[in-house]
Colleague: 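Structure incoming, see below.
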Amino acid sequence: MLPHKKIESALQAAVRELLPDADTSIILVRPCDPKFGDYQSNALMSLAKTRKLNPRQLATDVLAKLDVSEVCEKVEIAGAGFLNFRLKNSELVKNLEAAVRGEHLFFVKAASPKTIVVDFSSPNVAKPMHVGHIRSTGIGDALQRSLRLLGHQVITDNHIGDWGTQFGKLLLGWKQILDRPALERDAIAELERLYKTVNAECDADPTRLDAAKSELVKLQAGDEENLRIWREMVKLSQVQFDTIYGRLRVKFDVALGESFYNPWLGEVVASLLTRGLARESEGAVGVFSDGSLPPKEDPFLVNRDGEWIADPALVRKSDGGFNYMTTDLATIDYRLKTWSPDEIIYVVDDRQSPHFKKLFITFTRWQPDAAKKVKLVHVGFGKIMGDDGKPFKTRSGDTVKLGDLLDEAEERALQQVTEKSPELPEAQREEIARVVGLGAVKYADLLPNRQSDYIFSWDKMLALQGNTAPYLLYAYARIKSIFRKQEHPEARIQNPELILAASEEIALAKHLLNFGLTLEAVADEFRPNYLCNYLFEVAVHFSRFFENCPVLKAESDAVRHSRLALCDLTARVLKQGLETLGIETVEQM
RNA sequence: GCACCCAUAGCUCAAUUGGAUAGAGCGGCUGACUACGGAUCAGCAGGUUAUAGGUUCAACUCCUAUUGGGUGCACCA
């Protein structure tokens, strides 16, 4: 058992003994400023407060019941009632030696694994994937990897936008202005041109819009020709998706697009109507407020000029077509019946937050029993902005295409590798550039807190110095270099004794110990940036160690073996951590 | 109009959700025995956390107001 887990459970037991009704799940120890120890608890102060107790007295009482002498030095009470824990060197050594033997890598699998559906990426057919998609794709992929690593059963689903109103316009364009040679050269560009052209025409001319709508109605009614064209558009888009996901090394267990749910949409609406949850309004069918929430918190109400009026979730349009609320309801229903998940998480732009609020409430009203068994979570993220503070566009008004961003990243990385390591063969330099460039982009996107908007900048996305993926990869490569330089690699002893004496060794070792703590925080709060920051700190601690503690030229065999083992553990944590972020590693760069 | 989100160092961002002296990177300035890989390391400068109040042992974090930005407000997804 990892030391912080031991401290945590001992602390929980001690507190429960004194305050049986206390919520011990909130009581946790977490690393703080090293000046105040390796772990700390600040929960006693708030516990004391709600019970009108003296916090320092409570801390003293808890301490009297607390025995963590196996893992910690004497526990200190500090400040208003903090408990500061300092790990014993022997405990640190014990844990690292266990890791060296391969017993763990500083994390433990979840005690009760959950089944979790992760819905992310969701590109649209006939549109290029742009920088915006890197957010959902990168965050979603990092989260699903973290959850899997912690032992959960994960189903990743790419809910592709392959059905809906845009196809009316696309079909019209395809039939009337399609440029075949252009389609063969660059299918997505041509499809995009069709859409843009017809869309502009529709804005100017209502009869064009009617024509587009009737194409859509024909498609949804099963018209053979329109279905054939639609299938071709989907197929062409799939090629693009496969290319991008291949480059990003992102895989999905299933990719059930919106069209997959088409057969059930009528039933969903019928069911909502029979249960009295939906009703007709202005020719459409919608779910309305049930009045159970105060107006301000009710997503089915909106204030217009001082009056609260209905803002229903439409499930059938006045023309008889369905929309994404209907599809999303059918999707939840299907997922529950197919996988019985404990959670479904949606990694989607924050702007859709009102939609998900309505969706989750509507589903809960529709299937109350099923809803009790599943946690529905919208993991939102901020918008990508240009440096003018407006949603990001290039000078020509388009968004930056994801493929172009990746190309540029690899190009810049190749330039750098060629400059730094001209001696490496070209093929190897290209492979390094691929990993480094791609890693830089992914890391740059994962580093900021997902909730905040971020300003897009090429230089930031493609940076190769500082708190970036290349910095982490460089630390990893330096470790690998040490092992390559080792004179007798085969003479490496199997389970060396760890000697942690230098402050840099101890700091690095203690930090490695917190890998699992970090992974759990990532999984609990769906925030991969914790892992980015953790790994950056691993690399920083390693770099300091590397500067100050000679490994191969260590003063004795024992110290050399110990440091080699520490290097190896660092490399393993870096590799595993980067892999969890969806970033590959290279042995040299 | 109404609702929601945001404002932290010159720039881009953190701060594990109410914890101790607000941290990084970039940019700027100093340094580092030819270094087990300099894509690195050590250091300096840079902050009244938009403004004004409030809550409490403790506030970037919660509340109120103000200013400035963004987003969303049935038949697009």
Side-chain angles (χ1 to χ4, degrees), chain A residues 28 30-33 35-36 40 42 45-46 48-49 55-56 78-82 122 124 161 163-166 258 281-286 296 299 301-308 310-319 321-325 327-328 350-355 380 382-383 385 387 389-391 416-417 419-421 436 447-449 451-455 457 459-460 463-468 470-471 473-475 477-478 481-486 517-518 520-522 524-525 527 529-530 532-533 536-537 540 543-544 546-548 550-554 563 567 588-589:
Chain A
L28 56 103
R30 34 166 289 222
C32 184
D33 191 310
K35 280 166 218 153
F36 301 116
Q40 76 162 211
N42 55 41
M45 289 177 284
S46 54
K49 177 157 185 129
R56 282 198 69 109
F82 294 95
S122 318
N124 287 316
W163 198 250
T165 316
Q166 75 269 30
E258 292 168 351
S281 167
E282 295 172 32
V285 175
K296 253 184 96 162
L301 293 178
V302 64
N303 191 305
R304 200 54 55 74
D305 299 324
E307 222 180 312
W308 291 101
D311 183 28
L314 288 195
V315 290
R316 196 173 73 200
K317 301 187 280 184
S318 52
D319 65 8
F322 304 106
N323 59 15
Y324 79 142
M325 181 60 74
T327 310
D328 281 356
D350 260 334
R351 279 176 292 194
Q352 292 198 36
S353 153
H355 166 71
K383 300 172 293 298
M385 312 292 271
D387 45 20
K390 301 258 162 61
Q416 181 98 328
V417 188
E419 187 187 309
K420 303 279 182 187
S421 309
V436 169
L447 185 59
N449 181 336
Q451 293 160 21
S452 44
D453 293 344
Y454 77 50
I455 309 227
S457 109
D459 287 340
K460 188 168 67 177
L464 305 171
Q465 269 90 30
N467 188 353
T468 61
Y471 177 82
L473 293 170
Y474 181 66
R478 292 214 285 195
S481 172
I482 292 175
F483 284 103
R484 276 196 300 275
K485 294 239 161 87
Q486 213 186 341
L517 206 61
T518 308
E520 284 167 20
V522 171
D524 285 348
E525 297 183 38
R527 284 172 56 163
N529 66 313
Y530 290 161
C532 294
N533 283 315
F536 176 66
E537 282 161 15
V540 168
S543 299
R544 287 180 189 151
F546 185 85
E547 292 285 323
N548 294 291
V551 178
L552 297 178
K553 291 174 191 161
R563 286 182 178 165
C567 285
Q588 295 182 59
M589 59 190 279

Colleague: By centroid distance (under 5.5 Å) and plane angle (under 30°), are A/Y474 and B/rG37 in a stacked arrangement?
Modeller: no
Colleague: Under 4.0 Å between any heavy atoms, over every strand shown, what does A/M589 touch: base, sugar-phosphate, or nothing? Just pick one.
Modeller: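 Here A/M589 touches the bases of the nucleic acid.
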Colleague: Spell out, as yes or no, whether a donor-acceptor pair under 3.5 Å connects the side chain of A/R563 to the backbone of A/P550.
Modeller: yes
Colleague: Taking any heavy-atom pair under 4.0 Å as a contact, classify A/Q40: base, sugar-phosphate, or nothing.
Modeller: base
Colleague: Between A/R56 and A/G79, is there a donor-acceptor pair closer than 3.5 Å when you use the side chain of the first and the backbone of the second?
Modeller: yes
Colleague: If you define the side chain from C-beta out and look only at heavy atoms, does anything of A/F546 sit under 4.5 Å from A/V551?
Modeller: no
Colleague: Using atom P of each nucleotide, how far apart are B/rG54 and B/rU49 to the nearest Å?
Modeller: 16 Å
Colleague: In whole Å, measure the gap between the P atoms of B/rC60 and B/rA22 for me.
Modeller: 9 Å
Colleague: Just by modelled atom types, is the A/R351 backbone N or O under 3.5 Å from a matching donor or acceptor in the A/K383 side chain?
Modeller: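 Side chain of A/K383 to backbone of A/R351: no pair is present.
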Colleague: Measure the distance from OH on A/Y530 to P on B/rU16 and round it to the nearest whole Å.
Modeller: 6 Å
Colleague: Establish, with yes or no, whether the OP1 or OP2 oxygen of B/rC41 is under 4.0 angstrom from a side-chain nitrogen or oxygen of A/Y471.
Modeller: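 Indeed, a polar side-chain atom of A/Y471 lies that close.
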Colleague: Could you check whether A/F82 gets within reach of a base, just the sugar-phosphate, or nothing at all, counting any heavy atom under 4.0 Å?
Modeller: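 Result for A/F82 = base.
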Colleague: Compare the ring of A/F36 with the six-membered ring in the base of B/rA20 and state whether they stack (centres under 5.5 Å, planes under 30°).
Modeller: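 Stacking is present between B/rA20 and A/F36, given that their ring centres fall under 5.5 Å apart and the planes under 30°.
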Colleague: What integer number of Å spans the P atoms of B/rG23 and B/rA59?
Modeller: 16 Å
Colleague: Considering only atom P, compute the distance from B/rG72 to B/rU61 and round it to an integer number of Å.
Modeller: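 To the nearest whole Å, 28 Å.
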Colleague: When rounded to the nearest Å, what value does the distance between P atoms of B/rG18 and B/rC5 take?
Modeller: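 Here B/rG18 and B/rC5 have their P atoms 15 Å from each other.
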Colleague: Please confirm whether the shortest side-chain N or O distance from A/N529 to OP1 or OP2 of B/rU16 is below 4.0 Å.
Modeller: no
Colleague: Can you tell me if A/K49 touches the phosphate of B/rC57, counting only side-chain N or O atoms and a distance under 4.0 Å to OP1 or OP2?
Modeller: yes
Colleague: Polar pairs (N or O, both sides) under 3.5 Å between protein and nucleotides 72-74 of chain B?
Modeller:
{"residue": "B/rC73", "atom": "O2'", "partner": "A/R304", "partner atom": "NH2", "Å": "3.3"}
{"residue": "B/rA74", "atom": "N6", "partner": "A/S281", "partner atom": "OG", "Å": "2.7"}
{"residue": "B/rA74", "atom": "N6", "partner": "A/E282", "partner atom": "OE2", "Å": "3.0"}

Colleague: Any heavy-atom pair between the side chains of A/N533 and A/N467 that's under 4.5 Å?
Modeller: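 Heavy-atom side-chain distance check passes, below 4.5 Å.
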Colleague: Separation of A/K383 atom NZ from B/rC4 atom C1', in whole Å?
Modeller: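 That distance rounds to 11 Å.
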Colleague: Across the strands shown, which category fits A/R544 at heavy-atom distances under 4.0 angstrom: base, sugar-phosphate, nothing?
Modeller: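 Contact class for A/R544: sugar-phosphate only.
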Colleague: Between A/E525 and A/Q588, name the one whose nearest nucleotide on RNA chain B is closer to the 5' end.
Modeller: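 Taking each residue's closest nucleotide, the earlier one in sequence belongs to A/E525.
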Colleague: State whether A/S457 places a side-chain N or O below 4.0 Å from either non-bridging phosphate oxygen (OP1 or OP2) of B/rC13.
Modeller: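 A/S457 to B/rC13 OP1/OP2: no side-chain N or O under 4.0 Å.
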Colleague: Quick check against the 3.5 Å criterion: does A/N323 have a side-chain atom that pairs as donor or acceptor with the backbone of A/L314?
Modeller: yes
Colleague: Report all interatomic pairs (protein N or O, nucleotide N or O of nucleotides 33-36 of chain B) with separations under 3.5 Å.
Modeller:
{"residue": "B/rC36", "atom": "O3'", "partner": "A/K485", "partner atom": "NZ", "Å": "3.4"}
{"residue": "B/rC36", "atom": "O2", "partner": "A/L552", "partner atom": "N", "Å": "3.4"}
{"residue": "B/rC36", "atom": "N3", "partner": "A/V551", "partner atom": "N", "Å": "3.1"}
{"residue": "B/rC36", "atom": "N4", "partner": "A/F546", "partner atom": "O", "Å": "2.4"}
{"residue": "B/rC36", "atom": "N4", "partner": "A/C549", "partner atom": "O", "Å": "3.0"}

Colleague: Please determine whether side chain to side chain contact (heavy atoms under 4.5 Å, CB included) holds for the pair A/V436 and A/Q416, giving the CA-CA distance in whole Å, both sets of side-chain angles, and the decisive distance to 0.1 Å.
Modeller: CA-CA 10 Å; A/V436 169; A/Q416 181 98 328; over 6 Å; no
Colleague: Atom CZ of A/R56 and atom C1' of B/rA20: how far apart are they, to the nearest Å?
Modeller: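 Nearest whole value for this atom pair: 13 Å.
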Colleague: Tell me what A/S543 touches on the nucleic acid: a base, only sugar-phosphate, or nothing, going by heavy atoms under 4.0 Å.
Modeller: sugar-phosphate
Colleague: When the P atoms of B/rC2 and B/rU64 are considered, how many whole Å apart are they?
Modeller: 16 Å
Colleague: When you compare the side chain of A/S543 with that of A/Y474, does any pair of heavy atoms fall below 4.5 Å?
Modeller: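 No, too far: nothing below the 4.5 Å cut-off.
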Colleague: Can you check the distance between B/rG10 and B/rC29, where both ends of the measurement are the C1' atom (answer in whole Å)?
Modeller: 14 Å
Colleague: If you measure from the P atom in B/rC13 to the same atom in B/rU8, how many Å do you get, rounded?
Modeller: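 Per the computed distance, 9 Å lies between those P atoms.
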Colleague: Scan A/E419 against the nucleic acid and name what it touches under 4.0 Å (heavy atoms): base, sugar-phosphate only, or nothing.
Modeller: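 It contacts nothing in the nucleic acid.
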Colleague: Heavy atoms only, 4.0 Å cut-off, all strands: where does A/D319 land among base, sugar-phosphate and nothing?
Modeller: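 Contact class for A/D319: none.
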Colleague: How many whole angstroms separate atom CG of A/L464 from atom C1' of B/rA39?
Modeller: 7 Å
Colleague: Mind checking if A/A475 touches a base, just sugar-phosphate, or nothing, with heavy atoms under 4.0 Å?
Modeller: nothing
Colleague: Assuming nearest nucleotide by heavy-atom distance, tell me which of A/N533 and A/K296 is located more 5' along RNA chain B.
Modeller: A/K296
